[in-house]
Trainee: 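This structure is in structure tokens; I'll ask about it shortly.
Keep in mind that what you see is a predicted model, and the values were worked out from it rather than measured.
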Amino acid sequence: REEVMGRRFSETGFVPPEEMVRIIEWFRLTLETGEALAPTEFEIKRAGDGVILYAETSGSVIKRDGTIQGVLILVRDITHRKRIEEALRESEARWRSLAENIPDIITTVDREGIILFTNHAPPGISKEQIIGTNIVRYLCLVEEREAMQNAIRRVFDTGKAINDYEVRGYGPDGSIRWYSCCVGPIRQDGKTVAVNVIAADVTDRKNSEEEVLKRNRELTALNTIAQTISESVDLDEILTNTIKKISELLDIRHGAFLIM
């Protein structure tokens, strides 16, 4: 304290030159208006090690008989708050960079499915244009919209995530795609305030599963025909039993062989 008493503020060396210009202007306005101005933030150097700290300054005019005698300046250390804000900005920047560079669709919605954030938008529409609209307009087919709305509301009501929830929707090229969705809560003070819907395109996997099922049905049908042939030597009986068993396997009501 003894080191700064009686010295000009600009001579203390606490404030970098570029910040000093702003502080002097703030001080001048306070004197000219005669009123307290809104608090302002600036950087200061800590004595001894020169570490940069952050301070918030507010000032009020001291008057006597209507004449300004000076300015009372209050300085509050806000370094901790500023560093938390900077950490949050960096975290948000990393999150947005990650979200924008992964193929999955990440969408944050409210209870009614209104979009608050999304990392991808359909072709021909900007992300800004779909903010404030309903997620079901873009993610799923018309016949599956109600189920998606119910899933979102269920997460809000229970606070529990719904994993591997599959829906059909339109892909970037307009084709119908399969999406595996994780619908998870975003909590604040123990309360669900929003929901994240993360949708991964699993169309190729679904098509592969369908292909495997198709091949298995074909093999089963062939095995059934072979077994039927081995059990009889009568052609009519073989054909009749073959049609019957294949119809059962393929869920066909009527069938016939055409021999040419």
Trainee: Are V197 and I125 grouped together when hydrophobic residues (ILVMFWY) are joined by side-chain heavy atoms under 4.5 angstrom apart?
Mentor: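 They do share one cluster, since a chain of ILVMFWY contacts under 4.5 Å joins V197 to I125.
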Trainee: Quick check: closest heavy atoms across Y179 and Y170, and the distance to 0.1 Å?
Mentor: OH-O, 3.5 Å
Trainee: List the atom of E112, the atom of Q149, and the distance in Å for their closest heavy-atom pair.
Mentor: O-OE1, 3.1 Å
Trainee: Tell me, do K127 and H120 make a side-chain contact under 4.5 Å, heavy atoms counted?
Mentor: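 A side-chain contact is absent here, since even the closest heavy-atom pair is not under 4.5 Å.
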Trainee: Can you tell me how far apart CZ (R154) and NZ (K160) are? Round to the nearest 0.5 Å.
Mentor: 12.0 Å
Trainee: To the nearest 0.5 Å, tell me how far R81 CZ sits from R76 CZ.
Mentor: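 Going from the CZ atom of R81 to the CZ atom of R76 covers 6.0 Å.
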Trainee: Report yes or no: does E144 contribute a side-chain atom to a donor-acceptor pair with the main-chain N or O of L141 at less than 3.5 Å?
Mentor: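 Judged by distance alone, no pair lies under 3.5 Å.
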Trainee: Backbone N or O of G159 within a donor-acceptor pair of the R187 side chain at under 3.5 Å?
Mentor: yes
Trainee: Do F117 and T107 come within less than 4.5 Å of each other through their side chains, counting heavy atoms only?
Mentor: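 With C-beta onward as the side chain, the pair stays apart.
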Trainee: Please give me the minimum heavy-atom distance between N119 and I106, naming the atom from each residue.
Mentor: OD1-N, 2.7 Å
Trainee: I need the minimum non-hydrogen distance between I130 and T118, along with the two atoms involved.
Mentor: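 Shortest heavy-atom contact: CD1-CG2, 3.4 Å.
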Trainee: Is there a donor-acceptor contact under 3.5 Å from the side chain of Y165 to the main chain of M148?
Mentor: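 Checking the backbone N and O of M148 against the side chain of Y165, a donor-acceptor pair under 3.5 Å is found.
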Trainee: Under 4.5 Å between side-chain heavy atoms, hopping through other hydrophobics if needed: is there a path connecting V109 to I131?
Mentor: yes
Trainee: Quick check: do D157 and R111 have side-chain heavy atoms less than 4.5 Å from each other?
Mentor: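 Yes, their side chains come closer than 4.5 Å.
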Trainee: Just wondering, do I105 and Y138 contact through their side chains at under 4.5 Å, heavy atoms?
Mentor: no
Trainee: Give a yes or no on whether the backbone of T79 and the side-chain of D77 come within a donor-acceptor separation of less than 3.5 Å.
Mentor: yes
Trainee: Nearest heavy-atom pair of T108 and A194: which atoms, and what distance?
Mentor: CG2-CB, 3.9 Å
Trainee: Measuring from C182:SG to D164:CG, what's the distance to the nearest 0.5 Å?
Mentor: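 Between atom SG of C182 and atom CG of D164 there are 8.0 Å.
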Trainee: Working to the nearest 0.5 angstrom, can you tell me the gap between D110 CG and I186 CD1?
Mentor: 11.0 Å
Trainee: Should I135 and V167 be counted in the same cluster of Ile, Leu, Val, Met, Phe, Trp and Tyr side chains packed under 4.5 Å apart?
Mentor: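 Result: yes, single cluster for both.
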Trainee: Drop me the distance from T192's OG1 to F156's CZ, to the nearest 0.5 angstrom.
Mentor: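 Spacing of OG1 (T192) from CZ (F156) equals 7.0 Å.
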Trainee: Hey, does C181 have a side-chain heavy atom less than 4.5 Å from the side chain of L139?
Mentor: yes
Trainee: What I want to find out is whether K82 reaches E86 closely enough, with some N-O distance under 4.0 Å, to be called a salt bridge.
Mentor: no
Trainee: Do R177 and D204 have side chains that get closer than 4.5 Å, going by heavy atoms?
Mentor: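 The answer is yes, as the side chains (C-beta and beyond) meet within the 4.5 Å cut-off.
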Trainee: Return the minimal non-hydrogen interatomic distance between G184 and A161, and the atom names on each side.
Mentor: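 Minimum heavy-atom contact is CA-CB, 3.9 Å.
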Trainee: Calculate, to the nearest 0.5 Å, the distance between atoms CD1 and CD1 belonging to I152 and I114 respectively.
Mentor: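 Rounded to the nearest 0.5 Å, the CD1-CD1 separation comes to 9.5 Å.
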Trainee: Verify, without hydrogens or angle tests, whether E166 (side chain) and W178 (backbone) share a donor-acceptor contact under 3.5 angstrom.
Mentor: no
